[in-house]
Amino acid sequence: MPASPSGHGTSRTRSWWGWGYADSHPDDAECVAMGALLPGTLARPLPIPRVADLAIARPGVTPPSSLAHLVTTDPDVRAAHAMGKAYRDIVRALRGRPGRIPDLVARPTDDREVADLLDWAGGQGVAVIPFGGGSSVVGGVEYRGDTHRAVLSLDLTSMDRVLEIDTVSRSARIQAGALGPVLEEQLRPHGLTLRHFPQSFEFSTLGGWLATRAGGHYATGRTHIDDFVQSLRVVTPAGSSTSLRLPASGAGPSPDRMFLGSEGTLGIITEAWMRLQERPRHKASASVAFADFPGALEAVRGIAQSDLSPANCRLLDPGEALFSGASHDGSSVLVLGFESATGRVDDRLASALELARAHGGRGGAPTANAGTALAEGDVPPDAAVSAWRSAFLRMPYLRDGLARMGAVVDTFETAATWDRIPALIDAVRTEVGSAALKATGHPATVNCRLTHVYPDGAAPYFTVAVAGRPGEEVGIWDDIKAVASDVLHRHRATITHHHAVGRDHRPGYDLQRPEPFALALRAAKDALDPHHILNPGVLID
């Protein structure tokens, strides 16, 4: 059945330089208060950057009249499409050095217009950078280089409709430019949900999730967007590709897998059939405190290797728990949550709590919910759970505030098997902390949390905060990032669990992938993108 179309649903202004909405950024007083927690930061925050102060060159190319209605050269729009939302991007904007600003921004409304834009760009030597919500934190939506005549940012957010819903098979055909809230708004009247809630949910699109193999709401089981894909439609310079919609198939290598995680280097994902589910009606959550982090790790491993399948199973180390307000006594905190559309989940939560207590956990009185309408990705109001969730949603804004104070604040994530997790976490804390001290002369805070867990391993997520040196923040970030990447490689951990490769993780990805696969990927690039215009520098040269 056809689904009702929906608009973008908000009149709030997105920040061109920082995370999220402009009216949610910390004010100057809050920035100063945060800076006081990191010795060595600035006395006053850097001013909020203005597009009017940027040196934006005239476009180096003019589109033909047949495409002119799809394209804008507006300076504000071009600046907002110049980069993503990594710490590196925020600091460059604050310092007035955002990098190569695209010459043009195009907003196609259908596959034919996407194909026409690619045809024109290929003939003119124009680089095409696919752009969804622009929330990339790995340099995935910017152009770095000088080998192309001009740069076109291809913004897909005008392609944001749920085109068809199959209630029998419980799936939907959805345009790739749908932002998270826009997508869910169109599914809600049917009692269905995709239920994929990354931290960037408000500011990222279905196509972006697919192109980066994004991690989402679930801590176990269906942790990545891959798990929800039935089929993809992709427009490439060599033609369009539509895979057969199936629940499963053993027919050779999967065509969908070639484009999942391809980050716009092989083609533009324009539609996908996605598996849906009924909206959950039963939820229960609890938090458990641990006196020692190793015991907490063992508890999480026990839960991950059970058949309980919690929706949320996040372990916060003492620093992360303190920052979020989940604990103030030096404890590590495990946040557990269960949900179901069909039956109560109290027994599953009780079993998980029993496992946690067997490894030294304390507390954990469950809070259950059945039928109460909650916000997307929400959980019932256990105090520690609520504190963590509020901090989780607010953190990107606070990072930008600290950046204005001259701090170097960033995150990186990985995944490894359980046998390597303890040594990996210890090495990151020690070596990244030492690198930050060497680069800045100031002690750093290095916190860790587990975001996703599996029977055979886990995904640690690290936060690094240290006072920088004015004007040298990007170089410091580069030095710390290089050390972190080296630690991950030596401990046989992935360069990224769910943030994609982009340009920032490219050296680590080159080390991680087998060379025969790199040969095959280059051959696919040559075949599908013969002019090499699609997101140059990402994944392969």
Side-chain angles (χ1 to χ4, degrees), residues 19 83-92 135-141 198-200 204 212-215 223-224 261 263 314-317 319-320 323-324 391-392 395-396 398-400 402-403 407-416 420-440 444-453 457-466 468 473-512 538:
W19 184 263
M83 54 192 179
K85 302 301 181 184
Y87 168 82
R88 194 176 193 275
D89 305 328
I90 304 308
V91 170
R92 287 186 296 158
S135 63
S136 171
V137 292
V138 293
V141 295
Q199 188 179 40
S200 61
S204 54
T212 61
R213 299 184 63 194
T223 58
H224 280 73
E263 301 190 40
R314 292 185 182 246
L315 176 61
L316 318 178
D317 76 358
E320 193 79 15
F323 178 80
S324 68
F392 174 74
M395 180 57 205
L398 302 182
R399 177 208 61 179
D400 293 358
L402 282 168
V408 178
V409 184
D410 205 8
T411 62
F412 62 95
E413 37 73 39
T414 185
R420 296 188 176 94
I421 288 292
L424 169 65
I425 293 174
D426 287 345
V428 167
R429 286 172 173 159
T430 300
E431 296 185 43
V432 172
S434 296
L437 176 61
K438 180 180 178 180
T440 67
T445 297
V446 183
N447 294 333
C448 176
R449 65 181 184 266
L450 300 189
T451 60
H452 301 77
V453 296
Y461 194 112
F462 298 95
T463 301
V464 183
V466 64
E473 297 92 347
V474 171
I476 291 170
W477 180 92
D478 288 340
D479 291 344
I480 294 172
K481 187 73 170 179
V483 170
S485 298
D486 179 65
V487 173
L488 300 185
H489 180 64
R490 284 191 286 107
H491 286 261
R492 300 175 69 182
T494 182
I495 191 63
T496 178
H497 173 264
H498 60 263
H499 277 166
V501 174
R503 292 164 179 83
D504 297 338
H505 287 158
R506 173 67 189 278
Y509 179 65
D510 287 351
L511 291 172
Q512 179 175 323
V538 171

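These numbers were taken from a predicted model, which means no experiment stands behind them. These values consider heavy atoms only, across backbone and side chains, with no hydrogens, waters or symmetry-generated copies.
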(request) Taking the side chain as every heavy atom from C-beta outward, state whether L437 and V466 have any pair of such atoms under 4.5 Å apart. (result) no

(request) For the pair E473 (side chain) and V91 (backbone), establish whether a donor and an acceptor sit closer than 3.5 Å, ignoring hydrogens and angles. (result) no

(request) Can you sort out the partners of F323 under side-chain contact (heavy atoms from CB on, under 4.5 Å), two or more places apart, ordered by chain and number? (result) M395, L398

(request) Measure the spacing between CZ of R492 and CD of Q512 and express it to the nearest 0.5 Å. (result) 11.5 Å

(request) Please name the pair of heavy atoms, one in K85 and one in S135, separated by the smallest distance, quoted to 0.1 Å. (result) CG-CA, 4.1 Å

(request) For E431 and V487, indicate whether the former's side chain and the latter's backbone hold a donor-acceptor pair under 3.5 Å. (result) no

(request) Find out whether R449 and L315 are in side-chain contact, i.e. whether some heavy atom of one side chain is under 4.5 Å from a heavy atom of the other. (result) no

(message) List the residues meeting ring pair (Phe, Tyr, Trp, His ring centres under 6.0 Å) with Y509, not counting sequence neighbours, and say none if there are none.
(response) none

(message) Do I476 and T440 have side chains that approach each other closer than 4.5 Å (heavy atoms only, starting at C-beta)?
(response) yes

(request) Hey, could you give me the CD1/OG distance between I480 and S485, rounded to the nearest 0.5 Å? (result) 11.5 Å

(request) With sequence neighbours excluded, tell me which residues meet salt bridge (charged side-chain N to carboxylate O under 4.0 Å, His left out) with D478. (result) R88

(request) Without swapping roles, check the side chain of T414 against the backbone of T494 for a donor-acceptor pair under 3.5 Å. (result) yes

(request) With rounding to the nearest 0.5 Å, note down the distance linking CG in L511 to NE2 in H505. (result) 13.0 Å

(request) Tell me, please, which residues at least two apart from W19 pass side-chain hydrogen bond (donor to acceptor under 3.5 Å, both in side chains). (result) none

(message) Within this structure, what is the CZ-CD1 distance for the pair R399 and I90, rounded to the nearest 0.5 Å?
(response) 4.5 Å

(request) Check whether any side-chain heavy atom of V409 sits under 4.5 Å from a side-chain heavy atom of L402, and report yes or no. (result) yes

(message) To the nearest 0.5 Å, what is the distance between OG1 on T463 and CD on E320?
(response) 4.5 Å

(request) Indicate yes or no for a side-chain donor-acceptor contact from H498 to the backbone of H224 under 3.5 Å, with no hydrogens or angles considered. (result) no

(request) For A458 and I421, work out which heavy atoms get closest and say how close. (result) O-CD1, 3.8 Å

(request) Go through the structure and list residues passing side-chain contact (heavy atoms from CB on, under 4.5 Å) with A86, not counting sequence neighbours. (result) D89, V137

(message) The criterion is side-chain contact (heavy atoms from CB on, under 4.5 Å); which residues satisfy it with A459, sequence neighbours excluded?
(response) A415, T451, H452, H497

(request) Decide yes or no for V538 and R503: does some side-chain heavy atom of the first lie under 4.5 Å from some side-chain heavy atom of the second? (result) yes

(request) Determine, for K438 against D479, whether the closest basic-nitrogen to carboxylate-oxygen distance falls under 4.0 angstrom. (result) no

(request) Would you check if there is a donor-acceptor pair between the side chains of T496 and E413 at a distance under 3.5 Å? (result) yes

(request) Find out whether Y461 and T411 are in side-chain contact, i.e. whether some heavy atom of one side chain is under 4.5 Å from a heavy atom of the other. (result) yes

(message) Any heavy-atom pair between the side chains of V428 and I425 that's under 4.5 Å?
(response) no

(request) Would you give the length of the straight line joining atom CZ of R429 to atom OG of S434, rounded to the nearest 0.5 angstrom? (result) 13.5 Å

